[in-house]
Structures are given as structure tokens and as C-alpha cells.
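Before any comments, here is the structure.
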Number of protein chains: 4
Amino acid sequence: MAQIGTRRERRAAERRRQILEGAARVFAEKGYHRATTRDIAAAADVAEGTLYNYFASKDDLLMGLVGELAQLDRQQAMLDEALDQDLGTFFRTYLAYRLGHTSPYQNLLAGIVPELVHHPELRERYSRDFIQPALAMIEGHIQRRIERGQLRDVDGPLVTRLLISMMLGLQMLLIMGDPVSQDAWSHPERLINTLTQMIIEGVRQP
Amino acid sequence: MAQIGTRRERRAAERRRQILEGAARVFAEKGYHRATTRDIAAAADVAEGTLYNYFASKDDLLMGLVGELAQLDRQQAMLDEALDQDLGTFFRTYLAYRLGHTSPYQNLLAGIVPELVHHPELRERYSRDFIQPALAMIEGHIQRRIERGQLRDVDGPLVTRLLISMMLGLQMLLIMGDPVSQDAWSHPERLINTLTQMIIEGVRQP
Amino acid sequence: MAQIGTRRERRAAERRRQILEGAARVFAEKGYHRATTRDIAAAADVAEGTLYNYFASKDDLLMGLVGELAQLDRQQAMLDEALDQDLGTFFRTYLAYRLGHTSPYQNLLAGIVPELVHHPELRERYSRDFIQPALAMIEGHIQRRIERGQLRDVDGPLVTRLLISMMLGLQMLLIMGDPVSQDAWSHPERLINTLTQMIIEGVRQP
Amino acid sequence: MAQIGTRRERRAAERRRQILEGAARVFAEKGYHRATTRDIAAAADVAEGTLYNYFASKDDLLMGLVGELAQLDRQQAMLDEALDQDLGTFFRTYLAYRLGHTSPYQNLLAGIVPELVHHPELRERYSRDFIQPALAMIEGHIQRRIERGQLRDVDGPLVTRLLISMMLGLQMLLIMGDPVSQDAWSHPERLINTLTQMIIEGVRQP
DNA sequence: TATGAATGAGGTTTCATTCAT
DNA sequence: AATGAATGAAACCTCATTCAT
């Protein structure tokens, strides 16, 4: 069975990956600005000059990482299957997926996200490749549930944001070292239950 | 009419404020690392050397800003009054307060928060002076509501985090330029209503 | 009994002394370049600005110190009395005087001397006010001893230099922490004896 | 004919030398503190940043120079051969060596020595690599001469110091611009004769 | 294509000196 | 005359990027 591309191309792609992985590790550990190209080269086990054969600049490396991230997150298929399950199972499935799949990138995200704030081009790309698709997917599911009468007639797009926000915000509290959040994060089942119940039923005493 | 401190002391305090304000503007605009001491001095309209008469280092300036922030957030009194109101009014009051009071610092926070991720000392201080008190205050209120039977017997501390997380996460989506979040943020009343309803009643079709 | 100068003049002279003493302490401890005007002002217990009412610059302060030093060293009279004593007593007297009188300035000298090397103006002044008079005085004594036939017909000026050099060089070894030299310096009598004997009789087995 | 090390290693060593030479020139001319890294880079004909590829700091450059100096001074062999010669020849040989070999570094020493006074780490290294070996070597020779009865039963270690001190002190007078010392230094033969005679026979009229 | 030494712009910080009070 | 905050030039050093090998 033929491989994709020539041997040269495959080797180049491999190098690229190797560099991105090194960069990811260093960005995660030190953050973008405190990571030097020397650090990155060392982490990727190549010479500094080699970086520039694959990426135009340190900045471009960051952009490349966002591109990789986007490809990592392929959740659609999984959730489509959950469409016909009951509401509780649906949320539980989704939350479990999020927890399981973002934890590994947690550090990398912590290295990239701060950069987004003051880096419009990066932010736009991150948003386009990563955030918006995720939002759209959830939004679609929510919308269909509303149409089916499983949800109150809520503001779908906004509720989607609030749902995602809970996870995002919790990750921030995590980063800030809040012990309760850390405890919650390390007991996913309990966290998922509380979250699901809260989203579906609210906090009110019935 | 007596002033506080000698004239010299007042002038020094005034200078300090002037520098912090300049730094806040520049950090908000460019982020910590891209902000140069030259930028900061220019924004504060002092010489570069003057910065160092008031702060030991650029880093210390950042720490100073967190200190200022902590003093800006005095919400306790406000919420205590809301204790005896019904659940909806309580949340609505709190959320309105948060929205009203953090919007002005939105930019400054965007300048500081990214730094927290890879700056343990800063993070600890920010957490101690700013996050934990806010969490503790909300947590206390939630707890008392539970005791009074106004809320289900939820996990108080965790629900507190999820509540705060919604706001934090929404701010992140805002920063990332999500149009729906921006729209929501600029119509506070609608946002508050949706949030309150979601928190209290959940999304389920009753 | 009348004082010299008006009260104002006396007070100014007193301030000048106070500043020079502070500078001497700091230069001795840190060396000229590492001593800041802030250090000096603190040591002299005046404000930084005050320094400049008495000295034109930090450099001028150094020059002022050399001037003070020159006045401290008044050895002529003492040695003139030793003229008629025998050779051994003469050297012994002189060496004892040197040891006794330069030890207190040891530190100050260590603060100033390094600066001489690359500071022509200072060096010239130091040489003129301090070194050359001392050399001339010893040289005169040596010359008279030669004329009286107490010494071989040596090269008077050069022998004078070698004599002084022994003391200077020993101080350098002292500064460099050579333990033998430190030990010698702290047992002046033994040092004086060895030196005197060596100068007069040489090292040869008779 | 094989060279030592790879080509790259040889180039690096060459660069290192080039930088040290530049630094030596500038330190000799201006002294350590007045020499800027910019000066040094210009003198070595490299970019400022290049300095830091070879030395960790300006301070480290100074340490490097001391290291070089230490290697320049290999006098043992020479003197061992002089062991069996008569006393006068021995001293004459040694002094001639010192004069011949330190004159070229005179300027460099003048750039480094002042720094020793207030720089403990540098002083220790200079003492260990440079002063103490020289002292030990002379001391050994003196001691053996005493044992053979060629010298009076003098205090060997102390006499060694006084011997070295003469040379050190004379160099200081030289630095300070004393004309007699300069004249002596530029007529080595006469200087050596006077010194040797003074050391061996003393100044007394026999 | 891979290397890593060389580059130099630009960063933070220090400190002698000035000057309004 | 004394003060000490303000000043800004200049220092040391870092690091993204280039380029000869």
C-alpha cells in the first residue's frame, strides 16, 4: 500500500511534527514569551536554524500549533450518535468527552490561550478553527432538542455559550489553583453529575 | 480641612497612582510582555527612571496592579442586603453587579490574567486577594440559601464555582471575539435574565 | 579664644569633613565604582543633593580625599630626629612609623589606589602630594647616610624606591590575602626586625 | 599534519582568544569599570552579542583573563636549572626572567589588579593561579639555599614575600608615574644589579 | 537540508546629577 | 543651605533571526 507523498515529503512532515511537539511542550511549560527558540530547538532535538526551515518565525510556530489543535478535536461524530438519547445522557456524554479530551491539552492550552488576548491574527484563527466549530456543533444539538420539545424555548445560542463557559471558566479556576476546582476536576464523575443536574434542573428546590 | 499625610506623601501616592494607571493602560493594550518600560513611562508621563522610584521592577509593577484591583472589588455589603430577597432577585442583583463592575476592568484584566498562567507568585496573590474572597462570599450566600431550603441540597462549593465559571468563561469567549457573546454582553438585561433562569430552573422543559 | 573663620564657615568645613569621611568609608568598603552617591550620602548622613553643594562631582570627591590623605602624613619631623641614630635604629624607627601610620588608612588606600591606575589627574595629584614627598624625604636621609659613609656607595634614589617598594608590595600581598603576609603584618616587631636586617645586611651567609 | 581538535573547535578557540585580547586591550587602557562591553566588542572586532557566546558576563571575561595570565607564567623549569648556580647568578636569572616576562603584561595587569581589591572571587582565583604558585616556587628555592648554608638562617617564607614585594611595589611606583622607577625599569641590567646586590649584601658599608 | 555561531536591535535597570520646594 | 524625587543617558545582556559551512 503506497504511502502519502514521497519519502522526502514524509520526512519533512515528520520533522514538522517533531518541532511542533517540542514547541508545545515548551510553550506549555513557560508560556510563549518566556520560551526561547533555543528552548524549543532543544525540546525538539533539532538545531535552532532548522526551525526556520519549517516555520517562518516564532510567531508562525504558534500559528502552526493552533492548526494542529484544531485537528485534534473531532467530536462531531461522537455526539451525533448521542442525539437520540435522553437529555441527561446527552449532556453526560458530551461533558465526559470534553473532560477526557481537553485534559491532555490543558497545559498546551494554558501556553497558547494567554497569547490570544493580544494577538488578533492568532485569535481569529483559533476562533475560526477551534472555538466556532465547537460552538456550532453544540448549538445545533441544542437547537434540535428545542425543536423536539425536550428543552424549554431558551435562547439556544446564548445557552450554548453559557454551557461552554462553565467548562472554560472552570479550567481558569483550575489554572488559578482553586482547590475546590482541582478536586472537582479530579473526580470527573461527580463533576459531570453535578453539572448535568444543574444544567437540566437548575438549583431551585422543586 | 486636614488632608491625609504630609504634602510630600500625598504627592508620592498620587505619582504611584499615575504610574499604575499608565501601566494598566499599556498592559491592557499590549499585554505584559509586549509592553515596554518605555511605553509605560510614556503612558504615565514620567521618565523611565521614575518608574523605579516607585516599583522595584516591571514585575513589581504588575504585582502592584493586582493589589489595586483587589481594592476595587468590594461587593460584600451590596450582596448582604440581597440576602433576604427571593432567589431570582438575588441572582439578578449579583449578576448585575458583576457585569457593571468588571466591565471597566475588562481590558486591564485581559492584560493581567494571561500573565497569571505562568507566574506563580502573581497567581497566588491574585487568587488570594481577588478570587478566593469572591468565591467565599458567594459560597456563603449559597450555603445559607440551602439551609433555608431555597435551594436543592446541591454541592454548595462546586455550584459556586460553576456559577462564577459561567461569568469567567463568557468573558473569555468575549475576548476571543465570539459575536454571540459580545451581543449578549452588550444587552446585560437579557443576559441576566437568561442566566438567572438557567441557573434557577435549568433548561428542561417542565 | 577666637575660632578660625565665621560660624558659617566653620559649619561648612565641618560638613565637608563629614562628607569626606562618609565617602572614605564607602570607597574603602566597595571601591570607587561600586560606591554610589546614594551610599555616600547615607554614610555621611546627608541628602544626596547636599553632596553637590560641597563637591562638583563624584570624581571631585575622590580628589578631595587625596587632599585629606596628604595632610595626614606628616613624618618629616619624626625622622629628622632619627638622623643621628645608628643605621639599625633609623630603619627600625621608620618602618615602625610606616606600619603604625598606614594601617589605619589601609582600607581607604585600597579604595583609592585602584582608581589611580586609570585616572591621570588623580594619579598626578596623589603622586605630587603624597608619594613624591615621602620618597624625597627618605631619599634625603639615605643620601646623607651615604655621604657620612654609613652606607655603601649605592644608587640612593633607586634604593629608596626599593625600600618603599617592599612596603607597598607587602601591602598588595596583604590585600590579596596571602596568609604569610597577613601573619607578618600582625607581628610588626618581627617584621621590622627581618626587614631591617635584610636591608642592612642582606641575606648572604657572612 | 594533524591539528588539535575539529575545525569548528579551533575556530571557537581562536574566537575566544580574539575576544580576550580585545578585552585585555580595553581593560588595560580604561580599567574594568570604564570599559564597556561595546568597547570590548569593537576592540575584538565582533558584535556585542558574540561576547556572550563565549563568556557568561563581563565579569566572566575578567575571570577568563586571569586564567590566561596564569598560563603565561611558566617559570619553574627555568629556575630549576639555576639551582646549582651561585647565589648572585640565581637572583640575577630570576629577576631577569620576571622583568622580561611581566613587562608585556604590565598594561593588562594594570587593568586587572585594581579590580582584585574589591572582587573576592577574582582575587581568590588570581591568588591561587598566579601569586601562590610563584611564591611557593621561590620559597622552595630559598629554603634549599638555606639548607645548603648559602643563606643566613633567615625566615624563608617572609624573605620570599619581601623579595616579591620589591618587584610588585616597584611596578606600583611605575604605574604611579614615578620617574626614577620608570628610568630603572627601562635599564633592566642596572636595576638587576642593584637589586641583586641589595638583596645579597644589604646596604651596609662593610 | 541541517547546523549553530554571529548578529544587533531592543529590553530592563542603574545611578550621577539637577532642581523645585 | 538642605532635601530627595525626577531625570535620561548609558550600561549590560537576551534572543529571534540570518547565513556560511
Side-chain angles (χ1 to χ4, degrees), chain A residues 8 11-12 15 19 33-42 44-61, chain B residues 6-9 11-12 14-16 19 33-41 44-61, chain C residues 8 11-12 15 19 33-42 44-61, chain D residues 6-9 11-12 14-16 19 33-41 44-61:
Chain A
R8 170 167 293 175
R11 203 190 285 165
R15 254 317 146 84
I19 289 170
H33 287 283
R34 297 193 221 273
T36 68
T37 49
R38 174 185 292 218
D39 291 334
I40 297 167
D45 199 29
V46 296
E48 252 182 291
T50 304
L51 301 180
Y52 290 85
N53 290 332
Y54 294 87
F55 298 92
S57 65
K58 190 184 168 189
D59 215 80
D60 190 43
L61 242 162
Chain B
T6 67
R7 175 141 43 121
R8 175 164 283 171
E9 277 164 351
R11 269 235 302 234
E14 169 55 30
R15 235 352 125 86
R16 211 185 122 91
I19 290 170
H33 287 284
R34 296 194 220 272
T36 67
T37 49
R38 175 188 289 222
D39 291 334
I40 298 168
D45 199 29
V46 297
E48 239 177 307
T50 303
L51 301 180
Y52 291 86
N53 289 336
Y54 293 88
F55 299 92
S57 63
K58 190 185 168 190
D59 215 79
D60 189 43
L61 208 41
Chain C
R8 169 167 293 176
R11 203 190 283 165
R15 254 315 147 85
I19 290 171
H33 287 284
R34 297 193 221 273
T36 67
T37 49
R38 175 185 291 218
D39 291 334
I40 297 167
D45 199 29
V46 298
E48 253 181 291
T50 305
L51 301 179
Y52 290 85
N53 290 332
Y54 293 88
F55 298 93
S57 64
K58 190 184 168 189
D59 214 82
D60 190 42
L61 242 162
Chain D
T6 67
R7 178 145 37 124
R8 173 164 285 170
E9 277 164 351
R11 267 235 303 232
E14 168 56 31
R15 231 357 120 84
R16 211 185 123 90
I19 290 171
H33 287 285
R34 297 193 219 272
T36 68
T37 50
R38 174 188 290 221
D39 290 335
I40 297 168
D45 199 28
V46 297
E48 237 178 308
T50 304
L51 301 180
Y52 292 86
N53 289 336
Y54 293 87
F55 299 92
S57 63
K58 190 185 168 190
D59 214 80
D60 190 43
L61 207 42

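Labels below follow one simple rule: chain letters A, B, ... track the order of the sequence lines, proteins then strands, and each chain is numbered from 1. Any value given below was found using the heavy atoms of this structure, including those in side chains, with hydrogens, waters and symmetry copies removed.
D:Phe55 has its CZ atom 15 Å from the P atom of F:dT14, to the nearest Å. Atoms OH (B:Tyr54) and P (E:dT14) sit 17 Å apart, rounded to a whole Å. Here F:dA10 presents its P atom at 16 Å from NE2 of C:His33, a figure rounded to the nearest Å. Protein atom CD1 of A:Ile40 is 13 Å distant from nucleotide atom C1' of F:dT17, rounded to whole Å. In this structure, the CG atom of D:Asn53 is 13 Å from the C1' atom of F:dA16, given to the nearest Å. Straight-line distance from the CG atom of D:Leu61 to the C1' atom of F:dA11: 15 Å, rounded to whole Å. When rounded to the nearest whole Å, the span between CG of A:Asp45 and P of E:dT1 equals 19 Å.
Residues B:Asp39 and B:Thr36 have side chains that bring a donor and an acceptor to within less than 3.5 angstrom of each other.
Residue B:Thr50 has no polar side-chain atom (N or O) positioned under 4.0 Å from OP1 or OP2 of F:dA5. Residue B:Arg38 places no side-chain N or O under 4.0 Å from the OP1 or OP2 atom of E:dT12. Considering only side-chain N and O atoms, B:Arg11 lies nowhere under 4.0 angstrom from the phosphate OP1 or OP2 of F:dG4. Between B:Arg34 and the phosphate of E:dG11, there is no side-chain N or O to OP1/OP2 separation shorter than 4.0 Å. Contact annotation: A:Thr37 side-chain N/O to F:dA16 OP1/OP2 distance is under 4.0 Å.
The shortest distance between side-chain heavy atoms of B:Thr50 and B:Arg15 falls below 4.5 Å.
Within 4.0 Å of D:Ala35, counting heavy atoms only, lie sugar-phosphate atoms of the nucleic acid but no base atom.
Taking C:Arg11 as the reference, nothing meets the side-chain hydrogen bond (donor to acceptor under 3.5 Å, both in side chains) condition, with sequence neighbours excluded.
Comparing B:Glu48 and C:Leu51 by the nucleotide of DNA chain F whose heavy atom lies nearest to each, the residue mapping closer to the 5' end is C:Leu51. The 5' end of DNA chain F is approached more closely, in terms of each residue's nearest nucleotide, by B:Gly49 than by the other of B:Gly49 and D:Tyr52. Along DNA chain E, the nucleotide nearest B:Arg8 and the nucleotide nearest B:Ser57 are compared for position; the residue whose nucleotide lies closer to the 5' end is B:Ser57.
Between C:Tyr52 and the options C:Thr37, C:Leu61, C:Asp60, a side chain to side chain contact (heavy atoms under 4.5 Å, CB included) holds for only C:Thr37.
Figure legend. E:dT12 is base-paired to F:dA11; pairs are counted as Watson-Crick or G-U wobble with both atom distances under 3.5 Å. Remark: E:dT3 base-pairs with F:dA20; criterion is Watson-Crick or G-U wobble with both hydrogen-bond distances under 3.5 Å.
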